[in-house]
Amino acid sequence: MTMDIRLDQVSKQYGNSSGIENITLSLPQGGFTAIVGPSGCGKTTLLRALAGFHDIDSGTMRFGDRDVTKAPSRDRGATMVFQNYALWPHMSVFDNVAYGLKLRKMSRAIIEQKVHDVLTRVEIPTHDIKSRKPQHYSGGQQQRIALARALVIEPNLLLMDEPLSNLDAKVRSRLRVEIRAIQQSFGITALYVTHDQEEALSMADYVVIMKDGRIEQVGKPQEVYYQPQTLFAAQFLGESHTLKVMKDGKPMQLVLRSENIRLQPDQIPAQLYSEYPAVAFGDGCYSFHAEIGAPLFIGSTYRYMATVQGQTFFVDAEQLYPPGTYLATIPAERAYWFENGEKADTFSQVI
Ligand SMILES: Nc1ncnc2c1ncn2[C@@H]1O[C@H](COP(=O)(O)OP(=O)(O)OP(=O)(O)O)[C@@H](O)[C@H]1O
């Protein structure tokens, strides 16, 4: 069975260091929610609190209609998939997956059926699962076995803690698609922790951005990427750069992403008549003059190091540009403005 999961004002401290603080979050039934954030921001603490692996200091957690705040882990019906697979090496794959069913005292025939079914759904051949141990499978296969072990007990909530970080890039991108498809086919509510923003954006229905134990922003992947609500969210996602600039006569922070900047050759040197560069607005774009250095070929595009009054940022472009002075332009809807760290309303005037 799967259900809505709700956390209200959940906090957990470890001595003086705060793990998570006042987390209020809903995980919609059957949805895939990814938590992303830098190391130490509290992602694992939140997952472990939901799993019931540790007590929380305050707040409530509900699984559907049920308050599980004080419920022991085994009564919550949440299962966890770990980075290191955590399969038992001395047990066969069959016994690994069957373990949770045996604890629930199911009949031998039902266990056989369920183990075969779930392994088939995660595409592990079942003819030799009683003789093969997990370590005789590839990393990607071991993670699919771990997923099968978590899913076979039909949990209310599937928790995944950086399940792909031990795998190489190619296997990782394939498993992203596979895990997402498996989650959808089971219709299970899932919470997935990663520090990889691409993973979060590409897999999830909802992305939670965390910083210092708190939630910065929650939204659909496109919302958090294109409409960041905090300076941190804007800086964290994408290849982002923060420039201190003058806008409408005020010093402000402009967060821009390398892929959104267009270059036009220009002879005018960077304007040096204030402490920070001045940004102009016209034709739906912000623009300023920048010095562009030699290109670096990074695969599908070139990356340029750009400088404006001593501040550097990268521009990604398919075209080859010789080093020199350029007008850098950014569509207004892709320019994120902050004043003293607070989101500023986008206002557009020619300056
Ligand atoms: N058992 C513990 N004892 C003391 N402090 C802890 C403990 N576990 C976590 N912390 C602290 O709580 C904060 C959040 O840790 P947590 O492991 O939840 O972060 P994370 O976002 O999962 O990090 P990472 O991406 O590095 O795994 C960190 O400051 C961490 O040092």
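Just so you know, residue 1 is the first one in the sequence shown, and it goes up from there. Read the numbers this way: they start at 1 and go in the same order the structure lists the ligands and their atoms.
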Margin query: For Lys43, which part has a heavy atom under 4.0 Å from ligand 1: side chain, backbone, both, or neither?
Written below: both

Check: Less than 4.5 Å apart, any side-chain heavy atom of Val279 and any of Trp337?
Finding: yes

Check: Quick one: side chain to side chain contact (heavy atoms under 4.5 Å, CB included) partners of Phe82, sequence neighbours excluded?
Finding: Phe53, Met80, Asn84, Ala86

Next item on the list: Ignoring hydrogens and angles, state whether a donor on the side chain of Arg180 or Gln183 is under 3.5 Å from an acceptor on the partner side chain.
Entry: yes

Note to self: When you measure from the side chain of Arg257 to the backbone of Arg334, do you find a donor-acceptor pair of N or O atoms at a distance under 3.5 Å?
What the structure shows: no

Item checked: atom 17 (O) of ligand 1: the protein heavy-atom neighbour that sits closest, reported with distance to 0.1 Å -> Thr44 CB, 3.8 Å

Notebook entry, point to check: Tell me: protein heavy atom nearest atom 31 (O) of ligand 1, and distance?
Noted result: Ser17 OG, 4.9 Å

Next item on the list: Scan Ile5, Asp205, Val208 and name whichever one has a side chain to side chain contact (heavy atoms under 4.5 Å, CB included) with Leu27.
Entry: Ile5

Margin query: If you take the nearest heavy atom of each of Val36, Thr45, Ile35, Thr194, which one is closest to atom 16 (P) of ligand 1?
Written below: Thr45

Item checked: Heavy atom of protein inside 4.0 Å of atom 21 (O) of ligand 1, strictly below -> yes

Checklist line | Distance-only polar pair, side chains of Thr242 and Gln253, donor-acceptor under 3.5 Å | finding: no

Margin query: With ring-ring contact (aromatic ring centres under 6.0 Å, His included) as the rule and sequence neighbours excluded, what pairs involving residues 131-179 come up?
Written below: none

Checklist line | Gly19 N/O to ligand 1 N/O under 3.5 Å | finding: no

Note to self: Using heavy-atom distances only, which candidate in Ala49, Cys41, Gly42, Ser39 approaches atom 26 (O) of ligand 1 most closely?
What the structure shows: Ser39

Next item on the list: Specify the protein heavy atom at minimum distance from atom 28 (C) of ligand 1: its residue, its atom name, and the distance to 0.1 Å.
Entry: Gly40 O, 3.6 Å

Check: Have Asp67 and Thr69 got a donor and an acceptor in their side chains that come within less than 3.5 Å?
Finding: yes

Notebook entry, point to check: Are any of the heavy atoms in Gly37 under 4.0 Å away from ligand 1?
Noted result: no

Check: What protein heavy atom sits nearest atom 4 (C) of ligand 1, and how far off is it?
Finding: Tyr14 CB, 3.3 Å

Item checked: Any protein heavy atom nearer than 4.0 Å to atom 7 (C) of ligand 1 -> yes

